[in-house]
Amino acid sequence: EAGNLAQELGWDAYAVGGFVRDILLGRPNLDIDLVVEGDGIAFASALVERLGGRIKAHKKFKTAVCILDDGRRVDVATARLEYYQYPAALPTVELSSIKMDLYRRDFTMNALALRLNPGKFGQLVDFFGAERDIKNKQIRVLHSLSFVEDPTRILRAVRFEQRFGFRIGGQTMRLVKNALQLNLFEKLSGSRITHELRLVMDEENPLNVVERMNDLGLLKAIHPLLKLTHERVRVLQELEKVFNWYKLLYLDDQADCWKLYFLGLTMGTKREELSKVADRLNFSRREERELLALRDQIGDALMRLMGWQEGKTPLSRLYSILTPIPLEGVLFLMARSRKESIRRNISQYLARLRYVSIDVSGDDLIEMGIPEGPVFTLILDKILAARVDGNVGSREEQLAMALR
Ligand code: CTP
């Protein structure tokens, strides 16, 4: 449809970037990126008119995001026509604008385009040997200043490397080392680094990426306190397992995984040190406060769990330790605990205990003639604990318990 529309408007349209790369790799990718040699915003409005949906346009960048009624998202960019004046007798040539657009991108594998206009539909546009690189599982930049222009691309390279099982090419690797020597990371804003780190954490196997970042010296370039130790690796490994397990089981109740990994990466640091890392990464005051609080809660819970005796310690004890802690903290505790029985009980907490409720309310207590006051909380907590431990059943039993 996009191709027909472009044809009618007299422009050329292309699918580009990760979408095309993933077609060649046979991987699903629902984010469609289009480039139009013409007016991207006008094209996007015409497209949503035809397919149903709405657009958000950025006039300054001549780009638009189409959100189609079926939920799909299509990004449309404009490829500028650029004219190059050659000296003397040579004519002015119009350098194919799609080529310029692709040349500005990060890696050859992302600099592919697919023609959409009728008659040419499906033709691959590959100026930079991307097909060959994909076949050889190589990640290569398009030119030697790529990382100077944008050092976050180094993190992208590592992320793609691990995601696709590719390898950063030889010359590109030299440019990575060079960029590190030039301390290019120091000039990067905390927010941009954090954005990239979050993308890493959202990968299926973030630990592979993190380990590679560590080996290449990228972690310590971000902040010297971010180095992998055996203990951190162990916990991060467990975190990945716990997190993937949780994601699968509780699809609609998701935890903020970056918080977990961040805590894992900074494990063993002092309070002020953690603050320094948070500052470097430009976390908001609130995020920083939340992280510190979460860490304190985790530490506190670990202490309280130390005396845990399987079969002896009542589950209500676990319940009272875990309920005040946000989900991320509970998952972290599960990954952090070395005792199998604690891990099993925490998983029980997540599956069942945290949903336990009682059928008695404050109104019931008033009706029973119990004088209102702090004692209410004590009574209700007692009933809840008994429910958690499976010592009390029906509402009648719960009411009876209130009187005891
Ligand atoms: N890009 C770039 N430099 C960056 C970020 C992005 O050149 N620092 C280019 C890449 O060519 C990429 C395109 O912009 O193909 C879109 O970026 P993004 O959506 O992040 O990339 P995808 O390749 O689609 O990544 P993912 O599969 O993770 O969505």
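First listed ligand is number 1; within each ligand, the first listed atom is number 1. Residue indices begin at 1 and follow the sequence shown. The shown structure was predicted, so the numbers you read here are calculated from the model rather than taken from an experiment.
Within the 4.0 Å heavy-atom cutoff, Asp31 does not count among the residues contacting ligand 1.
Remark: Glu149 CD is packed, more than 12 non-hydrogen atoms of other residues, nucleotides or ligands lying under 6.0 Å away.
A donor-acceptor contact under 3.5 angstrom links the side chains of Asn110 and Arg21, judged on distance only. A donor and an acceptor atom, one from each side chain of Arg343 and Ser337, are nowhere located under 3.5 Å apart. There is no side-chain donor-acceptor pair under 3.5 Å between Ser361 and Asp363.
Among protein heavy atoms, the minimum distance from atom 22 (P) of ligand 1 is reached at Arg21 NH1, 4.0 Å. Nearest to atom 10 (C) of ligand 1 among the protein's heavy atoms is Asp106 OD1, 3.2 Å. At the shortest separation from atom 8 (N) of ligand 1 among protein heavy atoms lies Asp150 OD2, 2.6 Å. At the shortest separation from atom 3 (N) of ligand 1 among protein heavy atoms lies Arg153 NE, 3.1 Å. Closest to atom 20 (O) of ligand 1 among all protein heavy atoms lies Arg156 NH1, 2.9 Å. Closest protein heavy atom to atom 28 (O) of ligand 1: Arg163 NH2, 2.7 Å. Looking only at protein heavy atoms, the nearest one to atom 19 (O) of ligand 1 is Asp33 OD2, 4.7 Å.
Close contacts between ligand 1 and Arg159 involve ligand atoms 28 (O) [criterion: under 4.0 Å to a heavy atom]. If you number the atoms of ligand 1 from 1 as listed, the ones under 4.0 Å from a heavy atom of Gly17 come out as 15 (O). Close contacts between ligand 1 and Thr152 involve ligand atoms 8 (N) [criterion: under 4.0 Å to a heavy atom]. Ligand-side atoms of ligand 1 in range of Gly18: 15 (O), 23 (O), 24 (O), range being under 4.0 angstrom from any heavy atom.
Judged by distance alone, with hydrogens and angles left aside, the side-chain atoms of Asp389 form a donor-acceptor pair with the main-chain N or O of Leu315 at under 3.5 Å. Side chain of Asn205 to main chain of Asn208: no donor-acceptor pair is present (N/O by atom type, distance under 3.5 Å, no hydrogens or angles).
At a threshold of 4.0 Å, the pair Asp31-Arg72 does not count as salt-bridged, since none of the basic side-chain nitrogens sits closer than that to a carboxylate oxygen. Between Arg336 and Glu238 no salt bridge is recorded (no basic side-chain N to carboxylate O distance below 4.0 Å). Ionic pairing of Arg50 and Glu1 is present here: one or more N-O contacts between side-chain nitrogen and carboxylate oxygen are shorter than 4.0 angstrom.
The proximity of Arg105 to ligand 1, defined as any non-hydrogen pair under 4.0 Å, involves the side chain as well as the backbone.
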